[in-house]
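One structure is given below, encoded as structure tokens.
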Amino acid sequence: MLTKQASIGMSPPNPIGEDLISHWLLDPAIRFLNHGCFGATPKVVLEAQTALRRRIESRPVEVLDRGRDPLLQEAKQAVGEFIGAAPEDLGFVTNATGGVNAVVRSLSLGPADEVVTTNHAYSAIRQTLRFVSEHYGPKVVEACIDLPIRSPQTAVEAVAATVGPRTRLVVIDHITSPTAVLLPIARIIELCAERGVDVLVDGAHAPGMIELDVPSLNAAYYTGNLHKWVCAPKGAAFLWVRPDRQKHIHPNTISHFLNQGLAEEFSWQGTRDITAWLCAKDAIDFMARFGWERVRRHNHELATWAQSRLCRLWKVEPATPLDGSMLGSMATVPLPEAAENLGPIEELQARLYRDYRIEAPVIEFQGRRWIRVSCQIYNTAEQYQQLGEAVLEMIR
Ligand SMILES: Cc1ncc(COP(=O)(O)O)c(C=O)c1O
């Protein structure tokens, strides 16, 4: 049964431009509805990265050693401006998983402590917490946020009910991975602050998907990917740490500048390819050609419309309100009941790809099957309609 909100988001947004996929290397024969998985990097950004790699290879010591600091400073300045943060409060990391690892492995958590996360946590982050628990003893507890979720308050209440006197850290997604829910992290951080508990935000999907002013959230730690919705090269992500917590946080690779402050320590994590970090600015600038605000609005409206369209087509209840108030640029939609009989989920996803040229992740959550669609400016409304019909055809 659909709710009466089903009419909301009934027409898709106007495309931002024609044939935008030609700016990417993506195969136009594939209906690529999975930008959220690894992101995708525009050609001009990859070209900038190749040019930078050539520069490094032509004068390795000049660029990577003597020239590194101004290059990193410029890159951090650009990323900082994009997320509202001061460059000195940021360190580059390879990915959000690395950002989370750096924090939870720096914190000296012990058997007396508890770490709270949710049942929507990304599997790699759950494993990281499991590792820390097995090696250092803190107990990991998951707040259960059931789908469908009707209002942000449900998530706030679920976390509030799970945080207890032993909780030292809450690890919360800004936008959840399998379920694509935009969580009310500002209110969650506030409630944790009232109880003296620090929050680490896993913002893997947030930069580029929603407008960000990281310091104003007042979390202790915030990590975000640049290679997903900012479209930077793979291996670009950041960790922001509130100034009063910086002293205790170290990169996963300890190197020359141990205990010399966050900016110094993260500026050298052993010899490595730093071009993805340095090209984050090229990605920010490329997407800015379309207007960041316009990109975010387009992608959000397309996700809101796609959720509504697929729910109507499949006659299923949406996971989040149909007005899109708990979505960014992705939506996770329950598959019709009959899709339970279509073999293992991996096979279902592979069939969609093989027979319909549709790339979208099929997941299992709360004992049923869902599909997550991502919306980027190169996607078209028609592609979600094709996904909807493909699933119905497979069921028939
Ligand atoms: C919520 C969340 N956290 C962490 C990650 C991991 O990102 P990465 O592989 O870039 O570390 C993802 C990836 O999709 C995610 O959705």
Side-chain angles (χ1 to χ4, degrees), residues 32-41 79 91-105 115-132 140 142-143 145 147 155 159 169-185 188 199-210 212 214 219 221-240 251-253 269 272-273 276-277 279-280 283 299 303 319-320 326-332 349 359-363 365 370-376:
F32 190 66
L33 309 184
N34 200 359
H35 187 93
C37 192
F38 302 128
T41 312
V79 171
F92 280 120
V93 290
T94 306
N95 43 51
T97 310
V100 170
N101 267 272
V103 174
V104 297
R105 297 171 76 174
V115 177
V116 167
T117 188
T118 76
N119 57 330
H120 296 248
Y122 183 65
S123 148
I125 303 309
R126 192 173 274 129
Q127 297 288 41
T128 302
L129 297 180
R130 179 178 155 205
F131 173 89
V132 168
V140 178
E142 289 191 1
I145 307 170
L147 294 184
V159 176
L169 184 73
V170 169
V171 182
I172 188 97
D173 296 352
H174 202 160
I175 293 106
T176 63
S177 175
T179 46
V181 180
L182 172 65
L183 289 176
I185 57 156
I188 290 172
V199 176
L200 160 59
V201 181
D202 175 358
H205 285 278
M209 184 194 276
I210 57 172
L212 267 186
V214 167
Y221 318 98
Y222 191 111
T223 187
N225 278 327
L226 300 163
H227 51 226
K228 286 190 194 282
W229 296 89
V230 175
C231 299
K234 282 158 193 63
F238 67 85
L239 172 65
W240 175 89
N252 294 310
T253 303
Q269 301 175 42
R272 45 159 302 145
D273 184 350
W277 300 344
C279 290
N299 295 346
T320 55
M326 295 190 75
L327 295 182
S329 330
M330 304 190 291
T332 292
Q349 185 170 330
E359 184 75 84
V362 179
I363 58 150
F365 189 81
W370 312 69
I371 197 157
R372 189 187 75 185
V373 292
S374 293
C375 304
Q376 186 48 281

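Both counts, for ligands and for their atoms, begin at 1 and track the order of listing.
- Protein heavy atom closest to atom 6 (C) of ligand 1, with residue, atom name and distance, is Tyr122 CE2, 3.3 Å.
- Annotation for Ala155 and Leu183: closest pair CB-CD2, 3.9 Å, computed over non-hydrogen atoms.
- At a 4.0 Å heavy-atom cut-off, ligand 1 touches Ala204 through the side chain alone.
- Ligand 1 places these atoms under 4.0 Å from at least one heavy atom of Ser177: 1 (C), 14 (O), 15 (C), 16 (O).
- Under a 4.0 Å criterion applied to the non-hydrogen atoms of Asn225, ligand 1 contributes the atoms 7 (O), 8 (P), 10 (O).
- Under 4.0 angstrom from ligand 1, the non-hydrogen atoms of Asp173 all belong to its side chain.
- Using a 4.0 Å heavy-atom cutoff, His174 is absent from the residues neighbouring ligand 1.
- Ligand 1 has at least one atom lying under 4.0 Å from a heavy atom of Ala96.
- Side-chain polar atoms of Arg272 and Thr94 form a donor-acceptor pair below 3.5 angstrom.
- Distances between N or O atoms of Asp202 and those of ligand 1 include at least one value under 3.5 Å.
- Using cut-offs of 30° and 60° on the angle between ring planes, the pair His120 and Phe365 is tilted.
- At least one side-chain heavy atom of Arg372 sits less than 4.5 Å from a side-chain heavy atom of Asn34.
- Using a 4.5 Å heavy-atom cutoff, the side chains of Asn225 and His205 are not in contact.
- Among protein heavy atoms, the minimum distance from atom 11 (O) of ligand 1 is reached at Thr97 OG1, 2.5 Å.
- Under a 4.0 Å criterion applied to the non-hydrogen atoms of His227, ligand 1 contributes the atoms 10 (O).
- In terms of protein heavy-atom proximity, atom 14 (O) of ligand 1 is closest to Lys228 NZ, 2.7 Å.
- Looking at heavy atoms from C-beta onward, Lys228 lies out of side-chain contact with Pro207 at the 4.5 angstrom threshold.
- Rounding to the nearest 0.5 angstrom, the gap separating the CG atom in Leu212 from the CH2 atom in Trp229 is 14.0 Å.
- Put simply, the side chain of Cys231 reaches to within 4.5 Å of the side chain of Gln376, judged on heavy atoms.
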